[in-house]
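Protein chains get the first letters and strands the later ones, always in sequence-line order, with residue 1 at the start of each.
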2 protein chains.
Amino acid sequence: MMDDRIETAEHAWHGLRVLLLEQHDRRKEVAEALGMSFNRVKALRRIANQPCTLRSLAEFMVIDAPYATVIVDDLAKRGLVERTANPADRRSKLVRVTPPGRAAAEEGNRILDTPPDALLALPPDDLAALDRIVTRLLD
Amino acid sequence: MMDDRIETAEHAWHGLRVLLLEQHDRRKEVAEALGMSFNRVKALRRIANQPCTLRSLAEFMVIDAPYATVIVDDLAKRGLVERTANPADRRSKLVRVTPPGRAAAEEGNRILDTPPDALLALPPDDLAALDRIVTRLLD
DNA sequence: TGAAATAATTACATACATACAACTAATACT
DNA sequence: AGTATTAGTTGTATGTATGTAATTATTTCA
């Protein structure tokens, strides 16, 4: 026999998925705004967050090393990132954002994190409760 | 000066995005489980939900007509959907799921809607509140 | 009835995602 | 010192996503 809590969790999760992935998926919008695929945006945001080696970028993106090279090549060609020496290990390179790259990453984050109107229309108590619960879920 | 409510909404929405799109994105998992790209899964789920014309499928997926043909061709080749006559308009065709297609779509939905453990670990009151608020957001 | 619009297909083109093999340079280990 | 390992690159291959142009069959409408 199914626990009520499990049923509620499934219902809530389904609703969240519809809300985030079906009704308010911003990935296409971000890709168009920045003129690159969402995967490139994802890589750029990662690099902007902190300089990283191609290896760690590949791990983060769950891609292989050659594809990481392709993505960084593309971002570098756009002038958004640059390869710099890694004093700790001369085999590897640290990929860093350039100022334009940082601006693009921030623009992407801004679009991604803009809440839908429905969220602003919530009663203040509900909004506060939602924020508190989501924060707890992320811990 | 920025409203507190807006700030809270942005924080909550950011958290939801991280939770749903970064920490618990099930798209890769579904694609692997069903042996097809997530876009094919999305189309299959739409068709399983209700038979539809290629035109309406293209609208739903935000793709053009030729790509809709390609996707339906692929799903049909896998035996998951079939084109049937549309009595209302003989120019168009109604795409329907086959029994295996329905099973695959349901498997996809099951994976997509499985809540993460963190959700089950919430205090019952928080879980109930989350479910209630999410349901309200979807109205 | 004849012209315009629509649904679907076919062919073609390009960018993107993904994987594997082979190679160089640098590091780690025995 | 010599071998194995690691980081990155290059080349190649396949599937997928996306768009345009042209074609056929059917419907709508002036």
Side-chain angles (χ1 to χ4, degrees), chain A residues 21 25 27-47 50-78 80-96 108, chain B residues 21 25 27-47 50-78 80-96 108:
Chain A
L21 272 77
D25 185 357
R27 283 169 301 175
K28 215 165 253 184
E29 188 184 340
V30 171
E32 271 170 30
L34 301 191
M36 62 183 91
S37 76
F38 185 73
N39 239 14
R40 307 285 155 103
V41 177
K42 187 176 174 187
L44 176 63
R45 288 172 54 237
R46 171 73 179 83
I47 296 162
Q50 183 175 344
C52 63
T53 63
L54 284 123
R55 165 91 184 124
S56 68
L57 179 66
E59 249 172 54
F60 173 76
M61 305 274 295
V62 196
I63 61 178
D64 62 5
Y67 189 32
T69 293
V70 169
I71 289 178
V72 171
D73 279 352
D74 180 73
L75 292 176
K77 210 173 304 172
R78 295 168 187 260
L80 304 176
V81 307
E82 55 189 4
R83 292 171 166 91
T84 65
N86 182 1
D89 184 343
R90 289 190 315 177
R91 284 173 302 185
S92 68
K93 296 162 187 175
L94 286 179
V95 186
R96 300 171 184 280
Chain B
L21 272 78
D25 185 358
R27 283 169 302 173
K28 214 165 253 186
E29 188 184 339
V30 170
E32 272 171 29
L34 302 191
M36 62 183 91
S37 77
F38 184 72
N39 240 11
R40 308 285 154 104
V41 176
K42 187 176 173 187
L44 177 63
R45 288 171 54 236
R46 170 72 179 82
I47 296 162
Q50 182 174 342
C52 63
T53 64
L54 283 123
R55 166 92 184 122
S56 68
L57 178 65
E59 249 172 53
F60 173 77
M61 305 273 297
V62 196
I63 60 178
D64 60 7
Y67 189 33
T69 293
V70 169
I71 289 177
V72 171
D73 278 353
D74 180 72
L75 293 176
K77 210 173 303 172
R78 296 168 187 260
L80 303 177
V81 308
E82 54 189 4
R83 292 172 165 91
T84 65
N86 182 0
D89 184 343
R90 289 189 316 176
R91 285 173 302 184
S92 68
K93 294 162 186 175
L94 285 180
V95 186
R96 301 170 183 279

Which heavy atom of [X] sits nearest to which heavy atom of [Y], and what is that distance?
{"X": "A:Leu75", "Y": "A:Ala43", "value": "CD1-CB, 4.2 Å"}
{"X": "B:Gly35", "Y": "B:Arg78", "value": "O-NH1, 3.0 Å"}
{"X": "B:Arg83", "Y": "B:Thr69", "value": "NH2-O, 3.7 Å"}

NZ/NE/NH1/NH2 to OD/OE distance under 4.0 Å, B:Lys77 and B:Asp73: no
Note: A:Glu32-A:Lys28 ion pair, threshold 4.0 Å (strictly below): no
query: For DNA chain D, which nucleotides open and close the run of contacts to chain B, 5' to 3', at under 4.0 angstrom from a non-hydrogen atom?
result: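 The contact span of chain B on DNA chain D goes from D:dT16 to D:dT27.
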- request: Would you classify B:Thr69 as touching base, sugar-phosphate or nothing, given that sugar-phosphate means primed atoms plus P, OP1 and OP2, and contacts are heavy atoms under 4.0 Å?
  value: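 Base, at least one base atom sits under 4.0 Å.
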- prompt: Reckon B:Asn39 touches a base, only the sugar-phosphate, or nothing at all at heavy-atom distances under 4.0 Å?
  reply: sugar-phosphate
field: Check against side-chain contact (heavy atoms from CB on, under 4.5 Å), A:Leu54 and A:Ser92
entry: CA-CA 8 Å; A:Leu54 284 123; A:Ser92 68; over 6 Å; no
- line: Of B:Ala68 and A:Gly35, the one whose nearest nucleotide on DNA chain C sits closer to the 5' end is B:Ala68
- request: For A:Met61 and for B:Lys93, locate the closest nucleotide of DNA chain C by heavy-atom distance; then report the residue assigned to the nucleotide nearer the 5' terminus.
  value: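 Nearest-nucleotide comparison on DNA chain C picks B:Lys93.
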task: With side-chain contact (heavy atoms from CB on, under 4.5 Å) as the test, would you mind laying out the steps for A:Leu80 and A:Arg40 before giving the verdict?
output: CA-CA 11 Å; A:Leu80 304 176; A:Arg40 307 285 155 103; over 6 Å; no
- request: Classify every nucleotide of nucleotides 19-30 of chain C by which part a protein heavy atom approaches to under 4.0 Å, writing B for the base, S for the sugar-phosphate alone and - for neither, in 5'-to-3' order.
  value: BBB----BS---
Every protein N/O within reach of nucleotides 13-15 of chain C N/O, cut-off under 3.5 Å:
none

task: Hey, could you give me the CD/CG distance between A:Glu29 and A:Leu34, rounded to the nearest 0.5 Å?
output: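 Nearest 0.5 Å value for the CD-CG distance: 10.0 Å.
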message: Applying side-chain contact (heavy atoms from CB on, under 4.5 Å) to A:Val95 and A:Thr53, what does each step give before you reach the verdict?
response: CA-CA 6 Å; A:Val95 186; A:Thr53 63; over 6 Å; no
- request: Check the pair A:Ile71 / A:Met61 against side-chain contact (heavy atoms from CB on, under 4.5 Å), numbers first and verdict last.
  value: CA-CA 11 Å; A:Ile71 289 178; A:Met61 305 274 295; 4.2 Å; yes
